[in-house]
Amino acid sequence: MRHLIPSYIRVPVVFFTIAALVEYFVDSGDQPAFIEQPLILLFLLLVLLVLIAIEGIVGALDNILYQSLNDEGKARYDAQRNKPSKLLLWVKSTYKKLLDSKPIEQEGEIILDHNYDGIKELDNNLPPWWLYGFYASIVFAVIYMLRYHVFNADDQFAEYEIEYAEANRAIEEYKKTAKNLVDVNTVEMLTETSDLNAGKKIFETNCVACHMADGGGGIGPNLTDQHWILGGGIKNVFRTISEGGRDGKGMVAWKTNLKPLEMAQVASYVLQFQGTTPANPKEPQGDLWVDDSVEKTETEKTEDTKTQENSEETTETQTVVSRD
């Protein structure tokens, strides 16, 4: 087998196989292992040198042993070396069977009477590989028709919709644990102590100069009252921190300095000032903010209460009428 595969093929195949195994088993992140860890590059170079050395040593030993043989031994060695392998003979025989064609010496037996300007036609059988493939396609077509057009299995469009929905669910589940993917549309109030402490640290580092440590306001507006210039609530506060205040005045945009998670943390911390009493509160600025979601919830509760009361009154009326 060694004589069938030349060394200029053996060496690269073995080398790249080892390199692929190293890349698979070594955790190197987004970069190749030999770039992330230079020692691996040295190891691969050493492996390449060893493979080349082995090929050279084996070739030299083979040549020394051959030169030590007499003429009769060299003849037997050459005959054995040039003898085709059983694998190669099997491949050739299988190839001929797959073609199922007559050899050139026997083509006279299958020549048809057709003659076009001296060009004659042979009546060869269809190759078995083609014939078996044709039969397989018929079987596949019957199964496909029964499965998708008789028993109405999910076709490729239905499977696409199912996989698309599963992918969206997986994305939503991932976003729950990947807080840094938050944006103005998906941001929610953070209530964990670790997030609020992180938001407090960011606020004390970047925001105290304008809003004061207690949120009472200085250059910037008061954060403790119910008035907001660009809207209250977690989404509006997150947008203001990210995009900045009003054009030409107000707070700068922090999206280039803070990560999405950090903006969500500081926005959640800012909303903790609501209802507190600062030492020197600045007068209210902007409009009175009412959370629509809270208002809607209260309205729904009121409507439910009224519905329940009306239902109870109707029941009582029916009871009185039945007694009368």
Side-chain angles (χ1 to χ4, degrees), residues 29-30 168-305:
D30 297 332
N168 281 334
R169 285 195 294 271
I171 291 172
E172 293 302 322
E173 289 297 325
Y174 175 72
K175 284 183 176 179
K176 291 179 181 179
T177 57
K179 295 181 179 179
N180 235 354
L181 294 179
V182 68
D183 58 23
V184 69
N185 297 313
T186 60
V187 65
E188 295 180 355
M189 176 77 76
L190 302 178
T191 57
E192 295 182 7
T193 304
S194 59
D195 290 323
L196 294 177
N197 288 338
K200 179 180 179 181
K201 184 176 180 180
I202 297 171
F203 183 87
E204 291 176 348
T205 302
N206 302 291
C207 311
V208 168
C210 296
H211 296 283
M212 307 300 288
D214 56 6
I219 300 175
N222 186 349
L223 301 176
T224 65
D225 57 36
Q226 300 297 322
H227 290 73
W228 294 87
I229 298 174
L230 297 177
I234 186 64
K235 295 185 183 297
N236 288 320
V237 175
F238 181 92
R239 182 188 292 109
T240 303
I241 295 172
S242 173
E243 305 300 327
R246 295 163 292 176
D247 293 338
K249 55 183 177 179
M251 186 173 65
V252 299
W254 288 95
K255 60 184 178 181
T256 56
N257 301 90
L258 299 177
K259 298 178 180 178
L261 173 58
E262 293 174 332
M263 290 188 290
Q265 290 171 335
V266 71
S268 299
Y269 177 74
V270 164
L271 291 175
Q272 301 299 309
F273 288 124
Q274 292 288 285
T276 62
T277 304
N280 297 303
K282 189 177 180 180
E283 68 280 0
Q285 293 177 274
D287 301 322
L288 183 66
W289 168 256
V290 179
D291 193 339
D292 294 336
S293 61
V294 176
E295 188 179 39
K296 184 177 180 181
T297 302
E298 294 296 331
T299 302
E300 290 176 350
K301 289 182 179 179
T302 303
E303 291 178 352
D304 291 340
T305 304

Original post:
Does some side-chain heavy atom of Leu190 sit less than 4.5 Å from a side-chain heavy atom of Gln265?
Top reply: yes
Original post:
For Arg169, does its backbone N or O pair with a side-chain atom of Glu172 as donor and acceptor, under 3.5 Å?
Top reply: no
Subject >> Main-chain N/O of Gly216 paired to His211 side chain as donor or acceptor, under 3.5 Å >> reply: no
Original post:
Can you tell me if CD on Glu204 sees more than 12 non-hydrogen neighbours from other groups inside 6.0 Å?
Top reply: yes
Original post:
Are more than 12 heavy atoms from other residues, nucleotides or ligands located less than 6.0 Å from atom CE of Met212?
Top reply: no
**OP:** Spell out, as yes or no, whether a donor-acceptor pair under 3.5 Å connects the side chain of Gln285 to the backbone of Trp228.
**Re:** no
Subject >> Thr205 side-chain N/O to Lys201 backbone N/O, donor-acceptor pair under 3.5 Å >> reply: yes
Original post:
Is the backbone N or O of Lys282 less than 3.5 Å from a side-chain atom of Asn222, with the two atoms forming a donor-acceptor pair by type?
Top reply: yes
**OP:** Give, for atom CE of Met189 and atom CD1 of Ile234, the distance between the pair rounded to the nearest 0.5 Å.
**Re:** 5.0 Å
**OP:** Check whether any side-chain N or O of Thr240 sits under 3.5 Å from a backbone N or O of Asn236 as a donor-acceptor pair, and report yes or no.
**Re:** yes
Original post:
For the atom pair CG (Asn206) and CH2 (Trp254), what is the distance rounded to the nearest 0.5 Å?
Top reply: 4.0 Å
Original post:
Do the non-hydrogen side-chain atoms of Thr224 and Gln274 ever get within less than 4.5 Å of each other?
Top reply: no
Subject >> OG on Ser268 to CD on Glu192, rounded to 0.5 Å >> reply: 10.5 Å
**OP:** Flag yes if more than 12 heavy atoms outside Asn168 fall under 6.0 Å of its CG atom; otherwise flag no.
**Re:** yes
Subject >> side chain to side chain contact (heavy atoms under 4.5 Å, CB included) assessment of Phe203 paired with Leu223 >> reply: CA-CA 12 Å; Phe203 183 87; Leu223 301 176; 3.9 Å; yes
Original post:
Which pair of non-hydrogen atoms, one from Ala264 and one from Val182, has the smallest distance, and what is that distance?
Top reply: CB-CG1, 4.3 Å
Original post:
For the residue pair Asp214 and Ala279, what are the closest heavy atoms and their distance?
Top reply: OD2-N, 2.9 Å
Original post:
So how far is it from Lys200 NZ to Tyr269 OH, rounded to the nearest 0.5 Å?
Top reply: 5.0 Å
**OP:** For residues Leu196 and Thr191, determine if any side-chain heavy atom of one lies less than 4.5 Å from a side-chain heavy atom of the other.
**Re:** no
Original post:
Are Asn197 and Ser194 linked by a side-chain donor-acceptor pair shorter than 3.5 Å?
Top reply: no
**OP:** Spell out, as yes or no, whether a donor-acceptor pair under 3.5 Å connects the side chain of Lys235 to the backbone of Asn185.
**Re:** yes
Original post:
Taking C-beta and beyond as the side chain, do Val237 and Leu271 meet within less than 4.5 Å on heavy atoms?
Top reply: yes
Original post:
CG of Leu288 to CG of Asp225: how many Å apart, nearest 0.5 Å?
Top reply: 9.0 Å
Subject >> Separation of Met263 CE from Asn257 CG (nearest 0.5 Å) >> reply: 10.0 Å
